[in-house]
J.: 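I'd like to ask some things about the structure below.
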Amino acid sequence: MDGRECERMLSVALEEARAGRAEGGVPIGAALFGPGGELWGRGHNRRVQDGDPSLHAETAAFRAAGRRRSYRDTVMVTTLAPCWYCSGLIRQFGIGTVVVGESATFQGGIAWLRRNGIKVVDMKSAECRELLESFIKARPEVWNEDIGVE
């Protein structure tokens with residue numbers, strides 16, 4: 001998987017993040033791609049919109065992909081480093097690769113994922129970072145709720 005392929009996949013997650021922001025939610029998007037690069041599922045953080053604390057972008061994309069026998073050769077793409085909850089999902093189902101839009105704003109569980117044999121590619125996307133940083137500045141209380149900080 002080269003840089004262009006990662007950018008193509010990240011563009012889907014970014015579309016989702018923008019959709020979440022337009023709905024008044026936390027602007028994090030994700031997509032799950034199959035072994036051949038085909039899109040299996042996509043989604044965005046809907047915690048605010050649906051009042052569901054478990055509806056993170058990665059879980060939305062995972063649910064949209066539907067039931068599969070194996071996820072080992074799949075790629076989870078997310079605009080932000082996955083939190084511990086989403087990192088657990090990735091580890092539990094053996095998703096082999098995670099492409100992260102950015103991890104400067106939030107590190108989440110990427111070091112843990114790497115230690116557990118999951119390939120993590122950090123794109124260091126300025127666009128992903130700016131999208132989230134502007135949200136955090138405007139709505140810090142919602143961001144803190146999203147990452148479990150009181």
Side-chain angles (χ1 to χ4, degrees), residues 1-50 52 54-137 142-143 146-148:
M1 184 171 50
D2 65 14
R4 264 191 295 210
E5 183 69 359
C6 289
E7 288 289 343
R8 178 188 72 84
M9 293 176 169
L10 183 58
S11 71
V12 175
L14 264 166
E15 286 174 13
E16 289 293 329
R18 289 186 207 104
R21 174 103 190 225
E23 295 168 358
V26 181
I28 301 171
L32 184 66
F33 291 87
E38 65 280 7
L39 178 62
W40 281 5
R42 60 191 291 166
H44 53 272
N45 186 306
R46 295 193 50 85
R47 295 180 77 254
V48 173
Q49 300 92 308
D50 293 358
D52 181 347
S54 70
L55 201 41
H56 289 203
E58 296 88 343
T59 59
F62 185 75
R63 288 173 179 167
R67 184 176 170 204
R68 306 285 177 158
R69 179 170 170 78
S70 174
Y71 298 89
R72 300 220 184 281
D73 294 332
T74 62
V75 178
M76 177 67 78
V77 182
T78 180
T79 56
L80 181 67
C83 70
W84 288 106
Y85 169 65
C86 296
S87 293
L89 179 146
I90 291 162
R91 177 70 175 96
Q92 172 71 30
F93 291 97
I95 294 170
T97 303
V98 179
V99 174
V100 174
E102 67 102 355
S103 64
T105 306
F106 181 75
Q107 284 285 303
I110 60 174
W112 179 77
L113 289 170
R114 285 182 174 129
R115 283 193 307 273
N116 280 278
I118 294 160
K119 180 179 179 183
V120 178
V121 177
D122 190 339
M123 299 297 289
K124 299 180 172 134
S125 165
E127 185 175 2
C128 289
R129 186 173 180 175
E130 290 164 9
L131 185 63
L132 189 58
E133 284 180 347
S134 66
F135 178 82
I136 292 169
K137 184 177 180 181
V142 175
W143 169 246
D146 195 61
I147 61 170

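Heavy-atom basis, side chains included; hydrogens, waters and symmetry copies ignored.
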J.: Does any pair with a residue in residues 59-80 pass ring pair (Phe, Tyr, Trp, His ring centres under 6.0 Å), and if so which ones, sequence neighbours excluded?
T.: Phe62-Tyr71, Phe62-Phe93, Tyr71-Phe93
J.: Take Cys128 and Leu14 through the test side chain to side chain contact (heavy atoms under 4.5 Å, CB included) and record every step on the way to the result.
T.: CA-CA 7 Å; Cys128 289; Leu14 264 166; 3.8 Å; yes
J.: Any salt bridge linking Glu7 with Arg4? Criterion: basic side-chain nitrogen under 4.0 Å from a carboxylate oxygen.
T.: no
J.: Quick one: pull up OG1 in Thr59 and CG in Asp52 and give me the separation to the nearest 0.5 Å.
T.: 7.5 Å
J.: So, Thr97 side chain and Val75 main chain: donor-acceptor pair closer than 3.5 Å or not?
T.: no
J.: Assess the residue pair Ser134 and Arg21 against the criterion (side chain to side chain donor-acceptor pair (under 3.5 Å)); give the C-alpha distance rounded to whole Å, side-chain angles, the decisive distance to 0.1 Å, and a yes or no.
T.: CA-CA 10 Å; Ser134 66; Arg21 174 103 190 225; 2.7 Å; yes
J.: Is there a donor-acceptor pair closer than 3.5 Å between any side-chain N or O of Thr74 and the backbone N or O of Leu32?
T.: no
J.: Would Leu89 and Ile95 satisfy side chain to side chain contact (heavy atoms under 4.5 Å, CB included), going step by step from the backbone distance to the final call?
T.: CA-CA 9 Å; Leu89 179 146; Ile95 294 170; 4.2 Å; yes
J.: Output, in order, the C-alpha distance, side-chain angles, deciding distance and verdict of side chain to side chain contact (heavy atoms under 4.5 Å, CB included) for Val142 and Phe135.
T.: CA-CA 9 Å; Val142 175; Phe135 178 82; 3.8 Å; yes
J.: Side chain to side chain donor-acceptor pair (under 3.5 Å) with Arg63: which residues, sequence neighbours excluded?
T.: none
J.: Any chance you could measure Phe33, atom CZ, to Arg42, atom CZ, to the nearest 0.5 Å?
T.: 8.0 Å
J.: Taking it one step at a time, do His56 and Asp146 satisfy side chain to side chain contact (heavy atoms under 4.5 Å, CB included)?
T.: CA-CA 9 Å; His56 289 203; Asp146 195 61; 4.0 Å; yes
J.: Short question: side chain of Glu38, backbone of Gly36 - any donor-acceptor pair under 3.5 Å?
T.: yes
J.: Could you go through Arg18 and Glu15, starting from their C-alpha distance and side-chain angles, then the distance that decides it, and tell me whether this counts as salt bridge (charged side-chain N to carboxylate O under 4.0 Å, His left out)?
T.: CA-CA 5 Å; Arg18 289 186 207 104; Glu15 286 174 13; 5.8 Å; no
J.: Return yes if some donor-acceptor pair links the side-chain N/O of Glu102 with the main-chain N/O of Ala104 below 3.5 Å, else return no.
T.: yes
J.: Closer than 3.5 angstrom, by distance alone: can the side chain of Arg91 be matched with the main-chain N or O of Trp112 as a donor-acceptor pair?
T.: no
